[in-house]
Amino acid sequence: MTAFRADAVPEWNGDTAAARDLQLRLAAEVVLEDRLPSPLRTVAGLDAGFEDGGAITRAAVVLLDADTLLPLESHIARVPTRMPYIPGLLSFRELPALIEAMSKMSRTPDLVFLDGQGIAHPRRLGVAAHFGVASGLPAIGVAKTVLTGEYDEPGPQRGDASPLRDRGEDIGMAVRSRPRCRPLIVSPGHRVSISTAVELTLRCVTRYRLPEPTRLVDRLASRRDERPARRGR
DNA sequence: GCGACAG
DNA sequence: ATCTTGTCGC
């Protein structure tokens, strides 16, 4: 199975200053050049949701055929939630569960899509970049809203995009995946360039705003199906 | 000090 | 993210 760098995913001890410091060091290891398998054979979607009022983090992973976009296998992992949501430190909260879900895979994906930012982050280490450096796998962050940076409204056509800039740097792109839909915020996680991240994301979009990998995995991680049935009042 | 703030 | 029904609009 995929091996993860233990030093990149520390136990949460409440030290936010130390967490931010680690982000700065890991961000320096992010590779923004295209270093991914070609041709791409499989892509995965990885995401986390919560149960029991947030006490349990439920992570899910879905592996899809890169050409047909049909799911090949999927897994779910449940782990006790160890830390609260703190803007900018999302990855420290979700990575333990995400790694647990990844450990159940029968094979390693060529590329992983995550729900959230890649380098489009205050310290350039959103959850997709953190996951990428911790796993060594190519990764892309696809977020539904911005965390950091500004962009001009992209054109109305599918594929129209405009750069996301922050402090004079290009950190991602606002991409129109579907007409009349709010743009997706796409940024490199690891081993992929900004342009390729956009290209691959669009390649995975079918008839919905979200690309298939994150759309499918979101249903497994957050949808209310196989969750403890509620009592009717 | 004030406002912003992925999921 | 999650709590939650229906409703308006393409």
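Values below: all heavy atoms of this structure, side chains included; hydrogens, waters and symmetry mates excluded. The chains referred to below are lettered A, B, ... by the order of the sequence lines, with proteins before strands, and numbering in each begins at 1. Everything quoted here is computed from the prediction, not taken from an experiment.
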Going by atom types alone, do D34(A) and S193(A) pair a side-chain donor with an acceptor below 3.5 Å? yes
Indicate, with a heavy-atom threshold strictly under 4.0 Å, whether R180(A) touches base, sugar-phosphate, or nothing.
sugar-phosphate
Considering only heavy side-chain atoms of R93(A), the closest of dC5(B), dA1(C), dG7(B) is dG7(B)
Y208(A) OH to dC10(C) P, in whole Å, measures 20 Å
Classify the nucleic acid contact of I56(A) as base, sugar-phosphate or nothing, counting any heavy atom under 4.0 Å across all strands shown.
nothing
Pick base, sugar-phosphate or nothing for G141(A), based on heavy-atom distances below 4.0 Å to the nucleic acid. nothing
Taken to the nearest whole Å, CD/Q23(A) to C1'/dA6(B) is 12 Å
L210(A) atom CG is separated from dA1(C) atom P, nearest whole Å, by 10 Å
Whole-Å distance, F113(A) CZ to dG7(B) P, equals 16 Å
For dT2(C), does either OP1 or OP2 sit under 4.0 Å from a side-chain N or O belonging to S222(A)?
-> yes
>> Within the 3.5 Å criterion, strictly below it, is a donor on E212(A) or T206(A) matched to an acceptor on the partner's side chain?
In response: yes
Between CG of D115(A) and P of dT2(C) the distance, given in whole Å, is 10 Å
- Report yes or no: is the cationic atom of R93(A) (NZ for Lys, CZ for Arg) closer than 6.0 Å to the six-membered ring centre of Y85(A), at no more than 45° off its axis? no
(message) Quick check against the 3.5 Å criterion: does R176(A) have a side-chain atom that pairs as donor or acceptor with the backbone of P154(A)?
(response) yes
Whole-Å distance, L184(A) CG to dG7(B) C1', equals 15 Å
Practice prompt. May I ask whether Y85(A) stacks on the base of dA1(C), given the cut-offs of 5.5 Å between ring centres and 30° between planes?
Written response: no
Q) Using a cut-off of 4.0 Å on non-hydrogen atoms, how would the nucleic acid contact of V127(A) be classed: base, sugar-phosphate, or nothing? A) base
When you compare the side chains of S106(A) and E73(A), does any donor N or O come within less than 3.5 Å of an acceptor on the partner? yes
### N or O in side chain of K144(A) less than 4.0 angstrom from dA6(B) OP1/OP2
no
R123(A) CZ to dC5(B) C1', in whole Å, measures 11 Å
(request) Respond yes when some side-chain nitrogen or oxygen of T145(A) is under 4.0 Å from OP1 or OP2 of dG7(B), and no when none is. (result) yes
R167(A) atom CZ is separated from dA4(B) atom P, nearest whole Å, by 19 Å
